[in-house]
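Single-structure report; data block below.
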Amino acid sequence: MGIVFAVISGKGGVGKTTTSANLAIGTAIEGKKTVVVDFDIGQRNLDMILGLENRVVYDITNVMDGDATLSQALIKDKRQENLYFLAASQTKDKSVLDREKVKKLIDQLKEEFDYIFLDSPAGIEGGFEHTILYADNVIVVVNPEVSSIRDADRVIGLVDAKSHKAKEGERVGKFLVITRIDPDLIEKGEMISTEDILDILSINLLGKVPEDKRVIDASNTGKPVILHESSPAGEAYSRIAKRLCGIDVPFVDVESPEVRGFLQKITGLFK
Amino acid sequence: MSWFGNLFKKETTSAHIAKDRLMIAIATDRQNSLIPNMDEMRAEIIRVLEKYICINDIEIKKENKGEVDLLEIEVIMKK
Ligand SMILES: Nc1ncnc2c1ncn2[C@@H]1O[C@H](COP(=O)(O)OP(=O)(O)OP(=O)(O)O)[C@@H](O)[C@H]1O
Ligand SMILES: [Mg+2]
């Protein structure tokens with residue numbers, strides 16, 4: 001039975017799609033049969049980030065409405081064994097907001113895959129609720145910035161209220177990914193540190209991802225950073241993916257500039 | 001920067017100010033975010049009440065009375 005991870009944030013544009021894409025590739029690399037689903041209905045995005053936009057024939061709405069089978073709609077990544085993708089529809093059809101259909105789809109995915117990542121839309125309505133409805137775990141993505149952190153607190157508070165699993169009395173795992181960390185700004189005291197964020201939010205840290213210019217390059221070319229050589233963000237995502245697969249990977253200090261450079265060299269050696 | 005330098009800097013940096021402001025804002029948010037499934041609960045309470053009395057509306061408020069949180073449900077009845 002597969003494990004469902006909902007990637008959420010509250011505030012938009014913080015890095016959910018980037019995180020979903022890279023972690024899905026990362027767990028696929030670790031040998032998990034992985035599917036990543038674009039739940040941002042009406043705003044298809046993940047296909048471009050994954051470089052699979054030309055292969056989308058059927059989308060999530062087609063599957064939920066019974067116009068296509070799951071296997072017809074799933075796109076198998078040619079570069080990455082074990083990785084599959086299900087696209088969001090470009091139009092927002094109200095029928096998508098049907099809990100029963102969402103459940104049926106997730107159940108089907110759990111049969112077939114080890115890891116299931118759901119890339120949530122921004123906000124706390126509709127699509128967001130559906131991504132956490134049947135999630136086993138949530139990955140909360142946050143930037144070291146006040147409005148993002150505040151919104152993260154709100155969504156963390158909503159998870160147990162909206163999750164089916166929590167209503168059944170089971171625990172929903174909640175993990176934090178802090179991304180777009182700028183070591184120079186932290187050094188200068190102009191960016192909130194990981195320590196402070198963890199003081200404010202009551203949630204376990206899953207990983208820290210530094211600001212990395214290559215993320216833009218990655219979205220330009222449709223090749224996520226985790227597949228780039230010596231990309232600090234890519235390496236961070238690779239560590240997080242390993243942690244998700246139960247591998248004990250020590251936390252790397254991506255916050256102080258000197259330490260970062262040093263550790264990069266070291267991790268480079270073992271790569 | 002030495003830890004000594006850090007010690008002094010911490011109090012005045014914008015990151016420190018951000019943390020202080022966030023702590024207060026989030027504490028208020030948490031206080032104000034009533035019950036997460038408020039709409040559902042409200043609808044259900046109305047359904048139950050309507051079985052027994054004629055009601056116009058209900059109002060739900062959460063208040064902090066020092067030691068305890070208080071949930072106030074005001075039922076406005078039809079005349
Ligand atoms: N580590 C990083 N370094 C630099 N840029 C980043 C990083 N992570 C994400 N970005 C950039 O931030 C922007 C938003 O990222 P992304 O689309 O993943 O966010 P999102 O949370 O999915 O947004 P939305 O809420 O609109 O769905 C993109 O332009 C992306 O390239
Ligand atoms: Mg997105």
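Convention: sequence-line order gives letters A, B, ...; per-chain numbering from 1.
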Tell me whether the count of non-hydrogen atoms from other residues, nucleotides or ligands lying under 6.0 Å of NZ in A/K104 goes above 12. no
Would one find more than 12 heavy atoms of other residues, nucleotides or ligands at under 6.0 Å from atom CD of A/E145? yes
Check ion pair B/D29-A/R154 (N to O, under 4.0 angstrom): no
Euclidean distance, A/S202 OG relative to B/R30 CZ, rounded to 0.5 Å: 5.0 Å
What's the shortest heavy-atom distance between A/E190 and B/S14, and which atoms? CA-OG, 3.5 Å
Test salt bridge (Lys or Arg N to Asp or Glu O under 4.0 Å) applied to A/D217 - qualifying residues, sequence neighbours left out: none
Determine whether A/K188 and B/T13 make a side-chain contact, defined as any pair of heavy atoms from C-beta on separated by less than 4.5 Å. no
Top contributor to chain B contacts, counting heavy-atom pairs under 4.5 Å, from A/I149, A/I192, A/D153: A/D153
Measure across B/A18 and A/V146 and return the closest heavy-atom pair with its distance rounded to 0.1 Å. CB-CG1, 3.8 Å
I'd like to know whether A/I200 forms a side-chain contact (heavy atoms from CB on, under 4.5 Å) with B/K19, so could you lay out the CA-CA distance, the side-chain angles of the two residues, the decisive distance to 0.1 Å, and finally the verdict. CA-CA 8 Å; A/I200 298 166; B/K19 186 187 178 184; 3.8 Å; yes
Rounded to the nearest 0.5 Å, how far apart are CD1 of A/I197 and CG of B/L22? 9.0 Å
Just checking A/K167: does its NZ atom have more than 12 heavy atoms from other residues, nucleotides or ligands closer to it than 6.0 angstrom? yes
